[in-house]
Amino acid sequence: MAISRERLVGVGATSPSVVMLLLWMVVPLGMTIWFSLHRYLLLQPGSYTLVGLENYAYFLQDPAFLNALWNTLVLVGSVLIITVVFGVAIALLLNQPFWGQGIARILAISPFFIMPTASGLIWKNLLMDPNSGFISWAMKSLSLEPIVWFSNWPLLSIILIVAWRWLPFATLILLTALQSLDEEQREAAQMDGARPIPYFLYIILPHLARAITVVVLIEMIFLLVVFAEIFVTTSGGPGSESTNLAFMIYKQALLQFDVGGASAGGVIAVVLANIIAIFLVRLIGKNLDEE
Amino acid sequence: MVNQARWQRVGWGVAAWLVALLMFFPIYWMIMTSFKTEAAAVSTPPSIVPMEPTLQNYETVFEQSDYFRFAWNSVVISLGSTMLGLLVAVPAAWAMAFIPSKRTKPTLLWMLSTKMLPPVGVLVPIYLLFRDWGLLDTLFGLTVVLMLMNLPIIVWMLYTYFREIPKDILESARMEGAGLWQEVVYILLPISLGGIASTVLLNVILAWNESFWSLNLTSSDAAPLTAFIASYTSPEGLFWAKLSAASTLAIAPILILGWFSQKQLVRGMTFGAVK
């Protein structure tokens, strides 16, 4: 009797969270799927007809969609490579004892706290402007031709801005993981006179494997839907050179008022995110069991 | 030999500092530019520190734009969504930590998976519902959305903190005749105050910087600082110094909070998978 009462209290305490999240997930997602099967243009009243999978067919054949999908993959892939490779390097650098270590760490992880709209505009103007930007000035001083970032390399520019924000995140996670490397293990390796490179390859890297996986999976979730940085810098252009899936859906919905098409795009984004989510949830679930 | 090792150490220390300064440089540059005149901000060669520092940009930001309204909106949205989230999450995390059942783990993982739902996937219905319900551009609407966005993180973080509390403490209180409410309010919450503070800190930071929903669901009345800064996308004339001043003001409070929350950030963002 006592147990079942306890159970009841448990269910009662958990259910507000569960119900709210369920509503938040199921209702809009159901509506997205429903809209995606319809022709629904906000500016044409009465245009609400069931068209089945036509929106998907249209979306999947549209070169703009393939382009946005490709841009999304390039953006996610490049930022992941940059943040993991440099993240490991910077974490190793910051993990050794040196003068002012605490302050240097704080400086290095600061970019993660900058709101994306501000970082986009600061980079676009103060740093990357082809005439008066700091980078252009630095390149001119080295008698190099300054790069016209956003006209000639729009996607690369976005990648750099996004990577600047997420590199500190990777560094911080990897640094935390490095600190749990057993002191004894480290000393033993030093006693054995382990050379730096084998020490890195056979001790440090395997130790970091789990943290790297977590960084990759979590960053993927956020990088798949990069939006604000594009919104304030290129608006997806020139043309659609820097349009990713998130920005394309936004344009379709709130600028072209094509609810059906945008919803089909939204469903595709959800499916992509879920493929990644499955791996992440499994990894974290395993972690929960180990404890 | 000893000398060589020492120099090597100094060399790596210098390298670490160079990397740290390089990462921080855009922020430094923004702060410096905010104290320059507009003309000095675009002049070449740029000056590393402002030659004639001025507070004029800050004055202009305060006078010409409704800076305090945007800041107030940011405060309301980030604190409001965190507090609402706590209210719902504390009982859930308590039940999961102290009355675990077969369903606890699947429920936790399911909550986590809702966090992975990409916002663009539900942009259209949320926008249309908000339009029909009159919630577009309202503080209440945005606060609720951000609360739901961060609820899984809040539940998870509280759960990991609650789980570290020995069950005996709560049980002995119950033996002494403490009711459920007393058990939570007088024992659980005071013991886990540190953990709750960490949870609040991380969520305030995440909500403060959230830029997808704040850009899409607000226009003027409820626009927080993220949307205010975005309004500098297409200004006329010289605006770099004013942009820098506005950005510095928007970033400063959360940057300082962030410095104090490194550990919580790792715990919250990795759902306890990296410690």
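Each chain gets a letter, A, B and so on, in the order its sequence line appears, and its residues count up from 1.
With a threshold of 4.5 angstrom between heavy atoms, A:F35 approaches chain B through side-chain atoms but not through N, CA, C or O. Looking at A:F169, only its side chain comes within 4.5 Å of chain B, counting heavy atoms on both sides. Heavy-atom distances place no part of A:I278 under 4.5 Å from chain B, backbone and side chain included. Interface residue B:V42: backbone and side-chain heavy atoms are both found under 4.5 Å from chain A. Contacts of A:V270 with chain B are made by both backbone and side-chain atoms, with heavy-atom separations under 4.5 Å. With a 4.5 Å cut-off on non-hydrogen atoms, A:W123 touches chain B through its side chain but not through its backbone. Heavy atoms of B:F25 lying under 4.5 Å from chain A belong exclusively to its side chain. Contacts of B:L255 with chain A are made by both backbone and side-chain atoms, with heavy-atom separations under 4.5 Å. Of the two parts of B:T226, the backbone and the side chain both hold a non-hydrogen atom closer than 4.5 Å to a non-hydrogen atom of chain A. At a 4.5 Å heavy-atom cutoff, the contact between B:T114 and chain A is made by backbone and side-chain atoms alike. Residue B:L128 touches chain A through its side chain alone, counting heavy-atom pairs closer than 4.5 Å. With a threshold of 4.5 angstrom between heavy atoms, B:I229 approaches chain A through its backbone and through its side chain. Within the 4.5 angstrom heavy-atom criterion, only side-chain atoms of B:I251, from C-beta onward, approach chain A. Only the side chain of A:L127 comes within contact range of chain B, with at least one heavy atom under 4.5 Å from a heavy atom of that chain. Contact of B:W12 with chain A is made through backbone and side chain together, with heavy-atom distances under 4.5 Å. For chain B, the nearby parts of A:L172 are the backbone and the side chain; heavy atoms of each come within less than 4.5 Å. Only the side chain of A:Y40 comes within less than 4.5 Å of a heavy atom in chain B; its backbone stays farther off. With a threshold of 4.5 angstrom between heavy atoms, B:L225 approaches chain A through its backbone and through its side chain. With a threshold of 4.5 angstrom between heavy atoms, B:I256 does not approach chain A through any atom at all. Only the side chain of B:V155 comes within contact range of chain A, with heavy atoms under 4.5 Å apart. Using a 4.5 Å cut-off between heavy atoms, A:L254 contacts chain B through its side chain alone, with no backbone atom that close. Interface remark: B:M96 contributes side-chain atoms only to the contact with chain A (heavy atom separation under 4.5 Å). Of the two parts of B:L206, neither the backbone nor the side chain holds a non-hydrogen atom closer than 4.5 Å to a non-hydrogen atom of chain A. If you measure heavy-atom distances from A:I109 to chain B, the contacts under 4.5 Å come from the side chain alone.
Proximity of a side-chain donor or acceptor of A:N55 to a complementary backbone N or O of A:S36 within less than 3.5 Å is detected. A donor-acceptor pair under 3.5 Å is formed between the side chain of B:E210 and the backbone N or O of B:S214. In terms of modelled atom types and a separation under 3.5 Å, the side chain of B:S211 and the main chain of B:N209 share a donor-acceptor contact. In terms of modelled atom types and a separation under 3.5 Å, the side chain of A:S136 and the main chain of A:D129 share a donor-acceptor contact. Between the side chain of A:K251 and the backbone N or O of A:Q256 there is no donor-acceptor pair closer than 3.5 Å. Listed for the B:E38 side chain is a donor-acceptor partner under 3.5 Å among the backbone atoms of B:W240.
In terms of non-hydrogen atom pairs under 4.5 Å with chain B, the most contact-rich of A:V27, A:I221, A:V11, A:I122 is A:I122. Listed options B:F228, B:Y28, B:W208, B:F212 were ranked by heavy-atom pairs under 4.5 angstrom with chain A; first place goes to B:F212. Ranking A:A246, A:G30, A:A262, A:G265 against chain B, the residue ahead of the rest is A:A246, based on heavy-atom pairs under 4.5 Å. Residue with the most contacts toward chain A among B:L117, B:I254, B:L112, B:I27: B:I27 (heavy-atom pairs, distance under 4.5 Å). The candidate from A:I249, A:T32, A:L21, A:V225 with the greatest count of non-hydrogen atom pairs under 4.5 Å with chain B is A:L21. Heavy-atom pairs under 4.5 Å with chain A were tallied for B:N216, B:V19, B:I154, B:L257; the largest tally goes to B:N216. Among the candidates B:P46, B:G121, B:S247, B:A230, the residue making the largest number of heavy-atom pairs closer than 4.5 Å to chain A is B:P46. Most heavy-atom pairs under 4.5 Å with chain A, from the set B:A95, B:P91, B:A227: that is B:P91. Counting heavy-atom pairs under 4.5 Å between each of A:G100, A:P16, A:G12, A:S235 and chain B puts A:G100 at the top. Contact count against chain B (heavy-atom pairs under 4.5 Å) is highest for A:Q96 among A:Q96, A:M20, A:R282, A:M25. Ranked by non-hydrogen atom pairs under 4.5 Å with chain B, the options A:F227, A:F86, A:Y250 are led by A:F227. Between chain A and the residues B:T160, B:L243, B:L148, the most heavy-atom pairs under 4.5 angstrom are made by B:L148.
With a 6.0 Å radius and a threshold of 12 heavy atoms from other residues, nucleotides or ligands, B:R131 has its CZ atom above the threshold. Around CG of B:L21, the count of heavy atoms belonging to other residues, nucleotides or ligands within 6.0 Å exceeds 12.
Aromatic rings from B:Y159 and B:F162 are positioned such that their centres are separated by 6.0 Å or more.
Contact of the A:N95 side chain with the A:R105 side chain is registered, since non-hydrogen atoms from C-beta on lie closer than 4.5 Å. Looking only at side-chain heavy atoms (C-beta outward), A:L94 and A:I90 come within less than 4.5 Å of each other. In this structure, the side chains of B:V10 and A:W99 stay at 4.5 Å or more apart for every pair of heavy atoms.
Taking every heavy atom of both residues into account, A:L245 and A:T72 meet most closely at N-OG1, 2.9 Å. Heavy-atom minimum distance, B:W259 versus A:S110: NE1-OG, 2.9 Å. Taking all atoms of both residues into account, the shortest heavy-atom contact from A:L224 to A:N244 is O-ND2, 4.4 Å. The minimum heavy-atom distance between A:V232 and B:T233, with the atom names listed, is O-CG2, 3.4 Å. Between B:A41 and B:T33, the shortest heavy-atom contact is CB-CG2, 3.7 Å.
Within the cation-pi definition used here (under 6.0 Å to the ring centroid, within 45° of the axis), B:K36 qualifies as a partner of B:W29. Because its NZ or CZ atom is not both nearer than 6.0 Å to the ring centre of A:F98 and within 45° of the ring axis, B:R9 does not count as a cation-pi partner of that residue.
Atom OH of residue B:Y232 and atom OG of residue B:S244 lie 9.5 Å apart, to the nearest 0.5 angstrom.
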